[in-house]
Number of protein chains: 2
Amino acid sequence: MILIDYRDSRPIYEQVVDKFRLLILNGSLKPEEKMPSVRTLAMDLSINPNTIQRAYAELERRGYIYTVKGRGNFVSDTDKFKDEYKEEIFTRLDEVCDSAYKAGITTGELTEHIEKGSKEGGIGE
Amino acid sequence: MILIDYRDSRPIYEQVVDKFRLLILNGSLKPEEKMPSVRTLAMDLSINPNTIQRAYAELERRGYIYTVKGRGNFVSDTDKFKDEYKEEIFTRLDEVCDSAYKAGITTGELTEHIEKGSKEGGIGE
DNA sequence: TAAGTGTACTAATTTGCTTAGTACACTTAA
DNA sequence: TTAAGTGTACTAAGCAAATTAGTACACTTA
């Protein structure tokens with residue numbers, strides 16, 4: 001379901017949080033869907049259950065999943081996060097543009113690159 | 001010249017590398033210009049000289065500065081890195097676009113956002 | 001009842017960053 | 001020549017965070 005990148009310097013639990021967050025926001029994991037159990041996922045990824053537990057606790061704290069004791073963790077309804085996620089993406093876009101301008105890349109080059117990419121990829125309208 | 005962000009979870013030496021790399025690529029630091037001495041910069045930032053040394057070693061390894069023993073560290077000619085830096089920026093742009101499409105943002109919204117931002121900021125052509 | 005689930009807790013280990021301190025070779029300017 | 005400033009190398013220690021290991025307990029479901 002997810003993979004750990006051991007070349008990534010970020011802690012494992014943080015990678016797990018991010019990957020699931022994206023799966024949920026993307027709709028790859030739908031509301032009410034059951035998350036892998038702490039112990040199962042730990043086995044699959046060959047890491048300690050405590051580490052998964054920590055990741056799940058963070059996902060719950062942020063509202064992406066909810067817990068039913070004895071039954072498991074389940075994906076929350078995350079519609080309320082979608083707009084905020086879009087904002088986050090636009091912020092990242094602004095940062096990239098900022099770097100681009102400083103490097104001498106023009107607005108035209110940026111938009112052209114995006115339009116070209118979207119045609120070739122067949123996405124984004 | 002640069003500042004350390006202690007809220008940033010990345011190691012100090014890595015922040016130092018990144019900041020100087022950008023200053024150099026931006027042209028804020030020009031080829032042949034002298035870098036602050038290891039000890040001076042360590043004093044200014046209130047951190048250990050070893051940490052600066054580590055950052056400078058990394059900058060040298062990557063070709064952004066060169067060392068003359070007994071004299072100091074100097075900025076390299078980095079024209080050769082400029083194109084590669086632009087590539088890096090376009091790669092980051094692609095990643096953002098990828099996230100955007102998955103979140104349901106269209107190409108039109110992306111380019112519009114960029115054009116609007118560049119007009120208000122008065123940059124990018 | 002047994003198996004699977006989340007949760008809580010302590011202890012130990014590991015890893016990487018950072019500091020502290022020392023030493024040495026080089027360059028420059030007084 | 002000398003003193004101050006420069007980079008470099010090295011060892012040791014401290015520190016913080018992540019991770020592992022192990023155990024225990026309460027809950028749910030078949």
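Just so we're on the same page: letters track the sequence lines, and every chain starts at 1.
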B/T67 side chain: which of C/dG6, D/dT8, D/dT19 is closest?
D/dT8
Taking only side-chain nitrogens and oxygens of A/T51, does any of them come within less than 4.0 Å of OP1 or OP2 of D/dT19?
no
Given C/dT7, D/dT20, D/dG7, the nucleotide with the shortest approach to the side chain of B/Q53
D/dG7
Taking 4.0 Å as the cut-off, does a side-chain nitrogen or oxygen of A/T40 come that near to OP1 or OP2 on C/dG4?
no
Donor-acceptor pair (no angle test) under 3.5 Å: A/R39 side chain, C/dG6 base:
yes
Length of the line joining A/I12:CD1 and D/dA17:C1', which is rounded to integer Å
13 Å
Distance, rounded to the nearest Å, where B/Y6 contributes OH and D/dA17 contributes C1'
18 Å
Atom-pair distance (CG on A/N48; C1' on C/dT14), nearest Å:
13 Å
Phosphate-side-chain proximity, B/Y13 and C/dC17, N/O vs OP1/OP2 below 4.0 Å
yes
Any B/S37 side-chain N or O less than 4.0 Å from OP1/OP2 of D/dT6:
yes
d(CD, B/E60; P, D/dT6) in whole Å:
17 Å
Salt bridge present between B/R21 and B/E88 (N-O < 4.0 angstrom)
yes
Counting only Watson-Crick or G-U wobble pairs whose two distances fall under 3.5 Å, which nucleotide matches C/dT27?
D/dA4
is_close_aromatic(B/F20, B/Y64), centroid dist under 6.0 Å:
no
Hey, is the side chain of B/N73 poking within less than 4.0 Å of OP1 or OP2 on D/dT6, counting only N and O atoms?
no
Scanning all shown strands, the Watson-Crick or wobble mate of D/dA30 with both distances under 3.5 Å is C/dT1
Any sub-3.5 Å donor-acceptor pair from A/N26's side-chain atoms to A/S28's backbone N or O?
no
Is any side-chain heavy atom of A/Y56 closer than 4.5 Å to a side-chain heavy atom of A/L41?
yes
Let me know the distance between NZ of B/K69 and C1' of D/dA9, rounded to the nearest Å.
9 Å
When every non-hydrogen atom of A/V17 is compared with those of A/A55, the smallest separation belongs to CG2-O, 3.6 Å
Output yes when at least one side-chain N/O atom of A/R71 is less than 4.0 Å from OP1 or OP2 of D/dT29, else no.
yes
Rounded to whole angstrom units, what separation is found between the CG atom of A/N50 and the C1' atom of C/dA12?
13 Å
